[in-house]
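All heavy atoms count here, side chains included; hydrogens, waters and symmetry mates do not. Sequence lines set the chain letters: A, B, ... in the order given, protein chains first and strands last, and positions in each chain run from 1.
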Amino acid sequence: MNRFTSFAVALFVALMAVAPLFLNAYHVDVLNSIGLYGLLALSLNLILGEAGLFNMGHAAFYAMGAYTAAILNTRYQIPILWTLPLSALVAGFFALAVARPVVHLRGDYLLIVTIGVSEIVRIALVNDVFGITGGANGIFGISRPELFGFVIRQPQHFYYLIWGFVAFTIFLFLRLKQSRFGRALNYLREDEVAAEGSGVNTDYYKLAVFGLGAAWAGMAGTLFAAKMTIISPESFSFWESVVLFMIVILGGAGNVAGVLLAAFLVIGLPELFREFSSARMLVFGLVMMVMMLVRPQGLLPAKSRQFSFAELSNKGSFR
Amino acid sequence: MEEFLQQLTNGLAVGGIYALIALGYTMVYGVLKLINFAHGDLFTYGAYLGLTLLTSLALTDRLGFFMGVLVLALMVMGLVAVLGMILERAAYRPLRESPRLSAVVSALGASIFLQNTLMLIYGARFQVYPDNILPVTAFDLFGLQIPVMRVLIVLASVVMMVTLYLFIQKTKIGTAIRAAAIDQGAARLMGIDVNRVILLVFLLGPALGGAAGLMVGLYYGQINFTMGWVYGMKAFTAAILGGIGNIPGAMIGGLLLGVVEAMGAAYLSIAWKDAIAFCVLILILIVRPTGLLGERVADKI
Amino acid sequence: MKKPLLALVAVIGLVTGGVAQAADAIKIGLMAPLTGSWASEGQSMKKIVELLAKQQNAKGGVLGKQIEVVTEDDGGDPRTASLAAQRLTTQGIVAVIGTYGSSVTEATQAIYDEAGIPQIANGSTAIRLTEKGLKHFFRTAPRDDEQGRIAAQTIEKLGFKQVAVLHDSTSYAKGLADETSALLKKKGLKVVFFDALTPGERDYNAILTKLKSANPDVVLFTGYYPEAGLLLRQKRAMGWPVPFIGGDATNNPDLVKSAGQEAAEGFYFLSPPVPQDLDTPEAQAFLADYQKQYEEVPASIWAVLSGDGFRAAVAGIEGAKSTNGGKIAEYLHKSLKDYPGLSGPVSFDEKGDREGEVYRLYKVNADGKFVMQKL
Amino acid sequence: MINAVPPVLDITPLLALQRLTKRFGGLTAVKDVSFTVEHGAVAGLIGPNGAGKTTVFNLITGQYQSDQGEIFFAGTRLNGLRTHCIITLGIARTFQNIRLFQKLTVLENVLAGCHYRMHSGLVAAMLHLPSQQREEQEAIDRALQELEFVGLRQQASALAKNLAYGDQRRLEIARALATQPRLLVLDEPAGGMNEQETEALIGLIGRIQARGITILLIEHDMRLVMRACEKLVVLEHGGKIAEGPPEQVRCDPKVIEAYLGTEDDM
């Protein structure tokens with residue numbers, strides 16, 4: 001990181017930290033929405049951006065998490081934030097079970113299968129599968145989250161919960177990227193045959209990243225359920241998956257900053273131009289086409305990893 | 001038994017439409033290895049263009065029912081084919097050498113763009129075809145009530161499919177399409193103008209899709225700007241079911257999917273119908289990833 | 001890292017910059033699906049409420065001040081709606097009208113209640129909305145259980161014995177279907193079929209074939225008009241003469257367009273009366289003004305009910321002589337009785353539900369017109 | 001010299017193929033092929049285009065599964081094992097049409113080879129535990145050593161796609177070496193190289209052999225094959241037609257016949 005980027009990051013963090021003090025409830029809620037989508041997009045970025053697996057059914061994992069949290073909370077009165085790990089597990093294992101037989105499929109086939117799975121999940125939710133999802137009504141009366149005896153109710157409070165979680169996620173994911181695991185995902189994306197031929201267990205990493213990305217989406221689902229206090233199948237439509245897919249591609253697959261920027265643009269901008277909301281989808285479509293022509297690597301393309309080693313043996317300078 | 005047969009004809013009618021649309025997916029995928037997400041929307045354009053031409057030109061009043069509809073169908077197919085060509089030029093050709101993902105995203109963008117253009121032009125409300133054009137009667141066949149329109153629909157789609165099949169199998173251009181689908185590089189070396197093949201595929205596929213759109217408009221009466229998405233998804237499923245890139249496969253896949261859906265609705269559950277269709281798709285991909293008629297090709301390493 | 005920062009600053013700047021407070025007017029919010037699947041309803045709601053506000057302002061406004069309508073789009077989607085609600089609550093509104101779908105309304109109830117803003121929903125019929133003990137929530141729409149009661153009663157009176165019930169898995173249609181079939185069974189009628197179709201498709205022949213094999217005297221379809229239109233059309237093409245009864249979501253002139261006049265003829269549906277069928281002077285006057293202004297009739301009864309919501313809100317502000325949400329709500333609960341609304345007299349009970357019987361039975365005649373039936 | 005494998009006093013061959021057959025649809029790409037590669041040897045697999053050489057390699061490294069026959073590596077049966085498991089056992093390979101991770105750096109490419117000998121998992125990676133940090137540093141050091149070995153140390157931070165063609169081939173070898181193999185399988189290592197580069201490659205092969213690593217290679221450049229290999233196996237139409245020391249094979253009438261009319265660089 002050079003000086004300018006460090007400064008920019010510091011300024012961004014500082015701005016985000018104090019933002020709720022200057023904004024009204026609506027604007028804070030827009031930022032909350034951006035945060036939730038950012039979180040989801042970061043988790044999809046692992047699968048799509050880092051590992052290059054075409055997953056267009058991320059909403060299914062998000063839904064799994066949200067419904068797990070909602071069911072545990074409304075039926076068994078488990079405090080909503082306590083359900084976070086369980087939602088992660090349920091969503092993660094669901095993803096593993098789904099991905100296990102299909103993960104070896106070629107890119108576009110995987111895309112179709114993930115779309116299919118998310119549709120099946122949505123249909124199952126609508127049809128009140130096992131009698132626990134509440135059908136099209138969804139689940140309501142989810143209790144507000146409580147943290148150390150403090151009930152989170154206002155958008156401002158949710159802001160810190162959501163963006164705190166985003167910060168935590170970024171911290172972990174950046175470290176993950178700079179590791180054996182993170183590199184293995186890139187090997188997969190670049191050339192699966194070569195990765196396997198270099199001793200990387202490609203099936204394992206495909207499954208692992210599906211599980212991890214889904215688990216994170218599940219936790220985002222829990223936060224969503226806590227914030228909305230009501231969830232219903234239409235919040236997890238295919239369209240949500242498309243929007244997430246778009247955020248990752250638009251921002252720059254494999255780049256955390258890019259993904260966050262795209263979340264701001266894709267979720268934030270339509271709020272600004274509410275008056276033109278009927279044309280916003282048109283603009284989205286156009287932007288997607290033009291971006292692929294002009295800048296297919298996204299607004300902020302992924303950068304190479306930096307390693308600490310003596311760059312040239314004769315100079316011995318470290319950076 | 002009677003209900004079973006009735007459901008069979010229901011399924012075949014729906015499947016005929018799926019098959020027509022699936023042909024467009026399978027041809028484009030065969031040659032370009034690209035899911036043309038916007039294909040479903042070209043189908044919708046067929047329906048809307050058909051409505052506009054029908055009401056503004058009053059063809060059926062001037063030329064009588066059969067001639068009117070025939071001329072209308074040809075006009076719609078021509079216009080949608082041109083639209084397909086423009087789409088290829090604008091959204092896909094510049095990305096020919098780019099990674100697969102770019103093309104997929106561009107296709108998705110094109111789909112969203114086309115859909116919303118339609119919404120801004122015609123409005124979000126559904127549109128309705130005039131209901132006095134077509135015979136709305138049913139005839140009795142061995143105790144089965146079969147609407148006349150359904151027979152026409154199935155006949156029309158079968159005729160178009162067979163024509164396409166013969167075109168692909170028997171003509172020189174058709175052979176070029178097949179060759180380009182197997183190996184673009186080799187086809188180019190053999191002196192086939194691959195660009196022309198791609199252009200042709202983007203004329204033929206959308207023309208059939210547009211015809212399907214018109215048929216849906218005429219038969220069901222009600223059209224809306226988002227319907228291409230559902231039909232597109234189903235048709236793509238059908239294409240994979242039959243073996244993507246394989247033209248008879250798309251036809252069989254379409255008809256089969258229609259029947260599976262009708263039977264699923266009849267004997268399992270109506271509400272789970274789409275889920276059943278997707279489950280079949282996933283099962284096929286797991287058990288036989290090449291589809292019913294697709295041939296296994298070794299991955300080149 | 002440079003660009004996201006700039007973009008963020010720009011986004012935050014733009015988001016915060018937008019809101020300017022207009023001087024000294026009473027603001028009433030309208031939350032409506034201006035885009036999305038139910039955009040046509042939302043657009044009608046906006047037209048009606050704006051026209052009523054204009055008329056009220058011409059009469060001198062309320063409490064001596066002009067009324068300003070602040071409209072937000074809920075997109076027919078809970079998430080967008082909750083943002084719309086947050087936005088409205090920050091704009092100094094005294095009361096809010098809307099919205100259409102039950103789950104959409106539900107996503108906003110807590111936000112308005114916590115902000116102390118009375119909310120009068122117009123199209124949300126789900127029972128549970130008023131079972132939460134919220135002090136600030138009202139609706140001009142009847143509840144699903146009321147419609148279910150009337151539906152079962154109507155089917156019994158029309159003399160049907162074997163009933164098929166079809167819904168579309170939306171919360172509204174499923175709720176109504178459940179309610180009605182339970183009541184039908186209690187009355188000793190047989191429910192020979194109960195299932196859901198998938199909305200948004202074209203071909204319902206498979207479902208109709210299955211319905212037919214259950215051999216019902218009548219089919220109750222509780223879903224919406226686009227599917228109802230297709231069902232009627234395909235039923236006719238099959239040559240199956242069984243009568244259909246629809247719920248209030250089929251009350252839309254587009255139904256006849258979609259089904260075709262011949263197929264639509266004889267279709268029954270339940271609905272609160274449309275303004276055309278009301279002989280109250282309020283309704284007649286409003287209808288004339290609306291037609292003059294927009295050169296069309298209101299799309300459906302639900303949009304008209306948002307007009308009743310608006311009138312009730314104005315009456316509440318005037319009656320309470322205050323813009324305090326709590327006082328307005330209390331007035332609406334206790335003191336507003338038989339206020340002359342467009343769809344008949346308006347009163348609210350302690351839960352915020354509308355009192356009185358509002359449902360009528362309609363039948364489509366040979367010209368495709370909706371004719372009110374005597375029961 | 002790094003990663004020297006101690007001399008093995010095992011008399012069984014390191015790699016043994018027994019009556020291997022592979023069919024694609026109606027085409028039999030490999031027909032009843034048997035041969036062995038001894039410890040420490042440099043063996044060459046040659047034959048006209050389409051003879052099935054690369055298919056044999058793909059069978060050895062598990063990219064394809066054979067229809068009949070068996071493959072043994074150091075006494076372990078390889079049939080049915082997935083590629084990464086086979087790599088783990090000590091076979092490493094390069095590809096005919098270079099398969100590098102194009103958008104990653106040279107160092108990251110070599111780190112791929114170090115991958116399976118590292119152990120830190122997901123949690124360690126997310127938290128950057130000290131053990132994980134230590135392991136990372138060791139892997140980087142080893143990768144840099146391999147780059148040094150093939151002469152690409154200075155380009156460590158360059159993107160793989162920006163390397164010259166010959167350097168890309170050497171990078172693939174470095175990546176394969178980073179897996180610390182006992183058998184290195186090279187698919188046309190000199191393909192697309194000029195004379196000078198080929199000369200350097202022969203030197204590199206010698207140095208790899210000196211590390212105690214056995215080599216099996218496919219090559220069309222006969223000067224390289226004749227100079228570098230101690231043993232040749234010749235395939236034609238999927239079947240083995242000759243096997244033995246280069247001098248013997250080049251005089252084999254069947255081999256001469258196979259090459260006449262197809263290629264004349266024998």
Side-chain angles (χ1 to χ4, degrees), chain A residues 46 50 52 92 104 168-205 207-209 211-213 215-216 253-254 297 301-315 319, chain D residues 58 61-63 82-88 91-95 98-105 107-122 124-128 132-133 135-137 139-141 143-144 148 153-154 156-160 172 175-176 178-179 181 185:
Chain A
L46 288 182
E50 298 287 352
H104 62 274
F168 174 66
T169 304
I170 294 173
F171 173 81
L172 292 182
F173 283 11
L174 281 179
R175 285 172 165 246
L176 185 67
K177 192 177 166 73
Q178 192 73 22
S179 78
R180 171 176 179 261
F181 191 99
R183 282 193 303 272
L185 300 183
N186 289 170
Y187 300 148
L188 267 184
R189 180 188 66 200
E190 293 295 316
D191 190 331
E192 206 184 312
V193 173
E196 182 83 20
S198 305
V200 177
N201 185 348
T202 49
D203 277 6
Y204 167 80
Y205 280 98
L207 284 178
V209 76
L212 181 65
W216 233 268
Q297 69 275 43
K303 286 192 208 128
S304 291
R305 289 184 184 78
Q306 311 269 307
F307 293 93
S308 57
F309 64 90
E311 186 68 28
L312 292 171
S313 42
N314 54 352
K315 274 188 195 161
R319 46 166 178 166
Chain D
N58 286 337
T61 51
Q63 267 99 6
R82 303 240 339 270
T83 302
H84 70 92
C85 298
I86 293 172
I87 306 296
T88 317
I91 302 180
R93 73 169 293 176
T94 66
F95 295 88
I98 304 174
R99 301 196 82 140
L100 288 170
F101 307 114
Q102 296 285 350
K103 286 186 204 144
L104 300 182
T105 63
L107 179 61
E108 284 168 309
N109 267 277
V110 182
L111 282 173
C114 302
H115 181 89
Y116 85 87
R117 289 195 186 267
M118 299 165 74
H119 303 287
S120 54
L122 185 57
M126 278 193 175
L127 300 176
H128 276 201
Q132 188 264 353
Q133 292 284 285
E135 191 184 66
E136 276 291 288
Q137 206 51 55
I140 291 169
D141 290 344
L144 288 172
E148 186 92 59
R153 173 70 165 83
Q154 304 207 352
S157 296
L159 291 186
E172 258 203 315
R175 183 177 69 190
T179 65
V185 184

For this session: Not counting sequence neighbours, which residues clear side chain to side chain donor-acceptor pair (under 3.5 Å) with Gln132(D)? List them please.
Result: none

Exercise. Side chains of Leu100(D) and Glu172(D): does their closest heavy-atom pair fall under 4.5 Å?
Worked result: yes

Exercise. If you tally heavy-atom pairs under 4.5 Å against chain D, which of Arg189(A), Arg183(A), Gln178(A) wins?
Worked result: Arg183(A)

Problem set entry | Largest heavy-atom contact set with chain D, pairs under 4.5 Å, which of Leu174(A), Leu212(A), Val200(A), Asp191(A) | Asp191(A)

For this session: Measure Leu159(D) against the heavy atoms of chain A and call it side chain, backbone, both or neither at under 4.5 Å.
Result: side chain

Problem set entry | Contact origin within Arg117(D) toward chain A - heavy atom pairs under 4.5 Å | neither

For this session: Would you please indicate yes or no on a ring centroid separation below 6.0 angstrom for Tyr187(A) and Tyr205(A)?
Result: no

For this session: State, with a plain yes or no, whether a side-chain heavy atom of Phe181(A) is found less than 4.5 Å away from one of Met126(D).
Result: no

Seminar exercise, completed: Turns out that what part of Tyr204(A) lies under 4.5 Å from chain D's heavy atoms comes down to neither

Seminar exercise, completed: Scored by heavy-atom pairs under 4.5 Å with chain D, the best of Gly197(A), Ala208(A), Gly182(A) is Gly197(A)

Problem set entry | Part of Glu108(D) within contact of chain A (heavy atom distance under 4.5 Å) | both

For this session: Check whether any side-chain heavy atom of Arg180(A) lies under 4.5 Å from a side-chain heavy atom of Leu111(D), and answer yes or no.
Result: no

Problem set entry | Heavy-atom proximity to chain A below 4.5 Å, by part of Ala92(D) | neither

Exercise. What are the two closest non-hydrogen atoms of Ala139(D) and Cys114(D), and how far apart are they?
Worked result: O-SG, 3.9 Å

Exercise. Given a strict heavy-atom distance threshold of 4.5 Å, which part of Ser120(D) is in contact with chain A: side chain, backbone, both, or neither?
Worked result: both

Exercise. With chain A, which of Thr105(D), Leu127(D), Leu122(D) has the greatest number of heavy-atom pairs at distances under 4.5 Å?
Worked result: Leu122(D)

For this session: Apply side chain to side chain donor-acceptor pair (under 3.5 Å) to Gln297(A) and list each qualifying residue two or more places apart in sequence or on a separate chain.
Result: none

Exercise. Do you know which of Ala184(A), Gly199(A), Ser179(A) has the most heavy-atom pairs with chain D at a distance under 4.5 angstrom?
Worked result: Gly199(A)

Problem set entry | Row check, Phe95(D) ring normal vs Arg93(D) NZ/CZ: under 6.0 Å, within 45° | yes

